[in-house]
Visitor: 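Quick one: the structure is below, questions incoming.
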Amino acid sequence: MSNEDNIPVGISYSGGSSSEHLIQMVLEGVIPRPEHLAVFSADTGGEHEWTYEAMDEVEARCKVAGIPFIRCRDEKDTLGGSLIAIKRDGRTRAEHPPLWVAKDGGGRGRIGHRCTYHFKIAPMRRAMSAWLRSIDKPKKIEEWVGFGKDESHRAMKSVAQQ
């Protein structure tokens, strides 16, 4: 994790152990701390209670270390609110999580989800841009994402798309 150009770094924190370990390695000095560093956590408004507890703990450790911890959320909607609005507002399209359904003849299938961009990526990009403006830096950031070994295929797919 070389940051020789002193580009601001944003750590993407999911509330999971892989991204938490990345933050902990910075806090303990295993990974050198960049001059401009913030932690960004996307909040769909529908995470598990224990995820919010983990976020609170990591946020407290970051605060002690002087690292901004920024929770990113869609300003107008939550994931659950989006689903409820289908019926309430008569929406014909909704940003929805992965849903498991019963398949004809038994078994289960998964409906593709459409919530990642709307509830995670877009709010995080807006928050990163706001943070960069607040520290008077151009709109260029190096994003660090912690992946576990079991997620390495996703990490490699992400790198290949850049």
Side-chain angles (χ1 to χ4, degrees), residues 1 8-28 30-31 33-34 37-103 106-131 141-159 161-162:
M1 299 212 165
V9 172
I11 296 178
S12 179
Y13 173 62
S14 66
S17 59
S18 297
S19 55
E20 184 174 339
H21 290 307
L22 179 59
I23 295 166
Q24 194 60 36
M25 287 191 291
V26 171
L27 292 173
E28 293 178 10
V30 175
I31 297 173
R33 180 175 168 175
L37 173 70
V39 174
F40 297 88
S41 184
D43 179 3
T44 65
E47 306 298 334
H48 290 288
E49 179 181 323
W50 57 81
T51 302
Y52 288 116
E53 290 170 0
M55 282 184 187
D56 292 344
E57 290 172 18
V58 171
E59 183 176 17
R61 291 197 312 257
C62 287
K63 185 176 182 176
V64 168
I67 298 171
F69 186 98
I70 302 164
R71 293 185 191 225
C72 315
R73 194 171 194 176
D74 182 86
E75 300 89 21
K76 300 176 206 142
D77 211 354
T78 64
L79 183 54
S82 178
L83 294 173
I84 291 169
I86 295 169
K87 177 76 171 167
R88 183 191 65 219
D89 301 340
R91 288 187 186 176
T92 57
R93 180 180 185 278
E95 309 297 340
H96 59 82
L99 301 170
W100 296 98
V101 296
K103 292 172 80 175
R108 69 178 187 168
R110 191 176 123 183
I111 297 174
H113 62 284
R114 298 170 60 154
C115 62
T116 302
Y117 182 81
H118 187 81
F119 290 103
K120 294 184 177 187
I121 296 170
M124 198 171 281
R125 285 183 180 167
R126 286 190 296 271
M128 287 178 176
S129 293
W131 175 66
I141 191 165
E142 186 173 303
E143 190 173 353
W144 292 357
V145 180
F147 280 94
K149 185 176 179 181
D150 62 328
E151 299 175 306
S152 62
H153 66 284
R154 290 177 52 210
M156 297 311 295
K157 181 179 176 183
S158 175
V159 169
Q161 291 175 348
Q162 293 181 357

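These values consider heavy atoms only, across backbone and side chains, with no hydrogens, waters or symmetry-generated copies.
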Visitor: Name all residues meeting the side-chain hydrogen bond (donor to acceptor under 3.5 Å, both in side chains) criterion together with Gln24; count only those two or more places apart in sequence or in a different chain, and write none if there are none.
Guide: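 Testing Gln24 for side-chain hydrogen bond (donor to acceptor under 3.5 Å, both in side chains), a comparison that skips the adjacent residues, returns Glu28, Arg61.
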Visitor: Checking Ala65 now: which residues fulfil side chain to side chain contact (heavy atoms under 4.5 Å, CB included) with it, not counting sequence neighbours?
Guide: Leu27, Arg33, Ile67
Visitor: Give, for atom OG of Ser41 and atom CD of Glu20, the distance between the pair rounded to the nearest 0.5 Å.
Guide: 11.0 Å
Visitor: Look up atom CG in Leu37 and atom CD in Glu142, then write down how far apart they are to the nearest 0.5 Å.
Guide: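 So the CG of Leu37 and the CD of Glu142 are separated by 10.5 Å.
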Visitor: My understanding is that only residues two or more places apart in sequence, or in another chain, count here; which of them pass side chain to side chain contact (heavy atoms under 4.5 Å, CB included) with Ser17?
Guide: His21
Visitor: Report the residues that fulfil side-chain hydrogen bond (donor to acceptor under 3.5 Å, both in side chains) with Asp89, sequence neighbours left out, ordered by chain and then residue number.
Guide: none
Visitor: Just how far is it from atom CD1 of Ile23 to atom CH2 of Trp144, taken to the nearest 0.5 Å?
Guide: 11.0 Å
Visitor: Just wondering, do Tyr52 and Asp43 contact through their side chains at under 4.5 Å, heavy atoms?
Guide: yes
Visitor: Give, for atom CD of Glu143 and atom CE of Met128, the distance between the pair rounded to the nearest 0.5 Å.
Guide: 3.5 Å
Visitor: List in chain and number order the residues that pass side chain to side chain contact (heavy atoms under 4.5 Å, CB included) with Ala127, two or more places apart in sequence or in another chain; answer none if no residue qualifies.
Guide: Phe40, Ile70, Cys72
Visitor: When you compare the side chain of Trp131 with that of Pro8, does any pair of heavy atoms fall below 4.5 Å?
Guide: yes
Visitor: Between Asp56 and Arg71, is a salt bridge (charged side-chain N to carboxylate O under 4.0 Å, His left out) present by the stated rule, with each step listed?
Guide: CA-CA 10 Å; Asp56 292 344; Arg71 293 185 191 225; 2.5 Å; yes
Visitor: What heavy-atom pair brings Val9 and Pro34 nearest, and what distance separates the two atoms?
Guide: CG2-CG, 3.6 Å
Visitor: Ser12: what forms a side-chain hydrogen bond (donor to acceptor under 3.5 Å, both in side chains) with it, not counting sequence neighbours?
Guide: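 side-chain hydrogen bond (donor to acceptor under 3.5 Å, both in side chains) list for Ser12, sorted by chain: empty.
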